[in-house]
Amino acid sequence: MPEDTEITPLIHASSSTCDDTQSITGTIHGNALHRGNSEGQSSHGESFDNVPHARRKLGLFSAMFLVFNRVIGTGIYATPSVILRTSGSVGVALIMWIIGAALAGVGTAVYVELGTGLPRSGGEKNYLEFIFRKPDTLLVTCAYSIYAVIIGSAAANSVVFGEYVIHALDKEPSRYNTRFVAFLCLTFILLLHGSLLKWGLRLQNALALLKLVILSAIAICGILSLIGVEAFAVKQGYEIPSNFQWDKLWEGSRGDVNAFVTGLYNVIWSFVGYSTANYALSEVRDPVNTIKRAAPLAMIAVFFVYIFVNIAYFAVVSKNDILGSKRIVAALFFRNLFGEQMERALSVFIALSTLGNLLAGQFSQGRVVQELGREGLLPFSAFFASNKPFGAPLAGLFTQYVVSVAFVVLPPPGDAYLFMISLSSYCSALINTLVSFGLLLLYTSYLRAYRWNPPFRAPKLVVMLFALSNLFLVTVPLIPPSSGSRTYEHLPYWSHVLVAFSVSAVGIGYWFIWIKWLPRKKGYRLVREWVLQEDGVSRYVYQKVPF
């Protein structure tokens, strides 16, 4: 593929070598940030990355729906019953959801600051590179690349999608039919986002709007039932709830700190996804102003949906039913208001909600892999960085597709599958912890030379709360489970924690061999150049120059 050296690259480092990175990285990243914040102001951040304007397909609503879709998956249909069990009472459960929303708001503010300061696709990759430059920026990038692949897996949600599709077809879900549907779903997403970008965005936005309408309808129906509208009364034969009577609201509240922490952990994970638009900022029009509006609007919508849907559930389903039934709370809600025949319709709603979540997740994660290709870290970097042949990062999407399909097909049920879900969640918490404490470092005199001056700043107290909440997510899995309960059937409860800390060693080993050991052994130095490919995508290439 013919390439031309870019005359005015965003991050000009054609004369740098990987041996002297430490001495030049401050200048490189400082110049990039200065350009993004000064020259880029006239175009609101678009000049921060060398991406043709024609590639910027995401406007305000697409960016907002990207976040909304990613945050709301299947959790709101089932998680409220889990939260109620751990809290013991309806009142404490609602307080947990409010705390979770507050922490999500804190995280949103932090990622808006990071996104406006470095308005380029890649998310945490860019932030970790900017903050942790010693002993080498490529060290943290190599370590992060392994986490990016793990976090981007869509295996769990695709299997959930398969289960609800099979249930909607009135069939009995099994290991094989659900995984086959999951495979078809992942293949569909790859082909759609990889070859029909515009139609993929249209479907993604349509599903987000449908999700918002359905969940709003559930909330309205529940509130109408609560205020006594006869058409929305609980059907005969089911227990009439009294969850909002003051003495019942707090009845059963548990003083068990471990249980409260476990419930809060589940609530926090229900809000994860507020950083999704940051992974695709190079494809957002007017990225600085868009991210400042899109992410908060999406999370405000999520907050109201979560709170009012929970109120609707508790207005229609009794506490005893929620705690005593093995069915998800949404199924009990539909049964009590509309009868058993509506349960299949619920399966369709949940399947569509999950599909929207998968579309948003794979759309964003494919861009992260593309950014790793643009960095020149991956073998065949030109392939991974390219938008050929359909104007979309097909190679990056295909990478996530292969990983997700492998996780769907290969592991047996039980511990292996739960382990992968826990590993992905824990890796995400580790990255957020590094990013948030790193952002606090940027406020100190120690990193004042980095000239961090984004168009939007989150209050320092907000950043501190976000850092502590992620430290909480990292620490809680280290606490042994209470007597009588087990995280896994056969594995130690800390196994996913150990692996999460260990996988970075693979990236660090790759960095050491590629950057340090091979150049010294074979007598060359790596020179980095910024080049522009035929498809308009710019990237780094590394030339081996003999000593």
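Note that these values count all heavy atoms, side chains included, but never hydrogens, waters or copies made by symmetry.
Of all heavy-atom pairs spanning S158 and A182, the tightest one is O-CB, 3.3 Å. Minimum heavy-atom separation, V165 to A351: CG2-CB, 4.0 Å. Between A330 and L346, the closest heavy-atom pair is C-CD2, 3.5 Å. Across every non-hydrogen atom of V368 and G122, the tightest pair is CG2-O, 4.2 Å. The two residues G507 and I146 come nearest to each other via the heavy atoms N-CG1, 3.8 Å. Smallest separation of non-hydrogen atoms from V463 and A458: CG2-CB, 4.0 Å.
Expressed to the nearest 0.5 Å, how far OG of S145 lies from OH of Y510 amounts to 8.0 Å. Taking OG from S495 and CZ from F419, the interatomic distance works out to 5.0 Å, rounded to the nearest 0.5 Å. Atom CG of L397 is separated from atom CG of L191 by 10.5 Å, given to the nearest 0.5 angstrom. Note that CD of Q204 and CG of L209 are 13.0 Å apart. Values are rounded to the nearest 0.5 Å. Rounded to the nearest 0.5 Å, atoms CG (L212) and CD1 (I72) are 7.5 Å apart. Rounding to the nearest 0.5 Å places CZ of R367 at 12.5 Å from OG1 of T276.
Judged by distance alone, the side chain of S364 and the main-chain N or O of G361 form a donor-acceptor pair under 3.5 Å. Checked by atom type and distance alone, the side chain of R179 pairs as donor or acceptor with a backbone atom of V408 at under 3.5 Å. Judged purely by atom type and a 3.5 angstrom limit, S425 has no side-chain atom pairing as donor or acceptor with the backbone of S422. No donor-acceptor pair under 3.5 Å is formed between the side chain of S195 and the backbone N or O of L192. Looking only at distances, a side-chain donor or acceptor of R56 sits under 3.5 Å from a matching main-chain atom of L281. Judged purely by atom type and a 3.5 angstrom limit, Q400 has no side-chain atom pairing as donor or acceptor with the backbone of G366. Between the side chain of S404 and the backbone N or O of Y401 there is no donor-acceptor pair closer than 3.5 Å. A donor-acceptor pair is defined here as one N or O able to donate and one able to accept, closer than 3.5 Å; such a pair exists between the side chain of Y306 and the backbone of S270. Of the possible polar contacts, one joining the S353 side chain to the G73 backbone as a donor-acceptor pair under 3.5 Å is found.
Looking only at side-chain heavy atoms (C-beta outward), L169 and K171 come within less than 4.5 Å of each other. The shortest distance between side-chain heavy atoms of F271 and M299 falls below 4.5 Å. Side chains of P119 and I291 form no contact here, defined as non-hydrogen atoms less than 4.5 Å apart. With contacts defined as side-chain heavy-atom distances shorter than 4.5 Å, the pair L66/R70 does not qualify. Side-chain contact between V110 and L439 is present, with at least one heavy-atom pair separated by less than 4.5 Å. Looking at heavy atoms from C-beta onward, T354 lies out of side-chain contact with F349 at the 4.5 angstrom threshold.
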*Before giving the answer on side-chain contact (heavy atoms from CB on, under 4.5 Å), spell out for F398 and V369 the whole-Å C-alpha distance, their side-chain angles and the decisive distance to 0.1 Å.*
CA-CA 10 Å; F398 182 73; V369 176; over 6 Å; no

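Using cut-offs of 30° and 60° on the angle between ring planes, the pair F65 and F61 is tilted. Ring-plane geometry between F130 and W452 is classed as tilted, the angle between the planes lying from 30 to 60 degrees on a 0 to 90 degree scale.
Residues meeting the side-chain contact (heavy atoms from CB on, under 4.5 Å) test with A500, sequence neighbours left out: L423, Y426, C427, L430. Under the rule for a side-chain hydrogen bond (donor to acceptor under 3.5 Å, both in side chains), the partners of N387 that lie at least two apart in sequence or sit in another chain are Q370. Legend: residues meeting side-chain hydrogen bond (donor to acceptor under 3.5 Å, both in side chains) with S174, ordered by chain and number and at least two apart, are N177. Residues passing the salt bridge (charged side-chain N to carboxylate O under 4.0 Å, His left out) test with R285, sequence neighbours excluded: none. Take S62 and apply the side-chain hydrogen bond (donor to acceptor under 3.5 Å, both in side chains) test, not counting sequence neighbours, and it matches N205. I431 is linked by a side-chain contact (heavy atoms from CB on, under 4.5 Å) to E124, L128, Y144, Y147, I151, V435, counting only residues two or more places apart in sequence or in another chain. In terms of the side-chain hydrogen bond (donor to acceptor under 3.5 Å, both in side chains) criterion, residue partners of Y127 (sequence neighbours excluded) are, by chain and number, N278.
Residue pairs meeting the side chain to side chain donor-acceptor pair (under 3.5 Å) criterion with at least one member in residues 287-301, sequence neighbours excluded, are H44-N289, D286-N289. Within the structure, no pair that satisfies the salt bridge (charged side-chain N to carboxylate O under 4.0 Å, His left out) test touches residues 423-434, not counting sequence neighbours. Residue pairs meeting the salt bridge (charged side-chain N to carboxylate O under 4.0 Å, His left out) criterion with at least one member in residues 195-216, sequence neighbours excluded, do not occur. Within the structure, ring pair (Phe, Tyr, Trp, His ring centres under 6.0 Å) pairs that include any residue of residues 159-206 comprise H193-F363 (at least two apart or interchain).
If you check the side chains of N157 and N357, you find a donor sitting under 3.5 Å from an acceptor. A donor atom on one side chain and an acceptor atom on the other are not found under 3.5 Å apart for N126 and Y279.
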Indicate every side-chain donor-acceptor pair of residues 374-385 with a distance under 3.5 Å to a residue at least two apart or in another chain.
{"residue": "R374", "atom": "NE", "partner": "S538", "partner atom": "O", "Å": "2.7"}
{"residue": "R374", "atom": "NH1", "partner": "D49", "partner atom": "OD1", "Å": "3.4"}
{"residue": "R374", "atom": "NH1", "partner": "D49", "partner atom": "OD2", "Å": "2.8"}
{"residue": "R374", "atom": "NH1", "partner": "E371", "partner atom": "OE2", "Å": "3.2"}
{"residue": "R374", "atom": "NH2", "partner": "D49", "partner atom": "OD1", "Å": "2.9"}
{"residue": "R374", "atom": "NH2", "partner": "S538", "partner atom": "O", "Å": "3.3"}
{"residue": "R374", "atom": "NH2", "partner": "S538", "partner atom": "OG", "Å": "3.0"}
{"residue": "E375", "atom": "OE1", "partner": "K125", "partner atom": "NZ", "Å": "3.0"}
{"residue": "E375", "atom": "OE2", "partner": "R528", "partner atom": "NH1", "Å": "3.3"}
{"residue": "S381", "atom": "OG", "partner": "L378", "partner atom": "O", "Å": "2.4"}

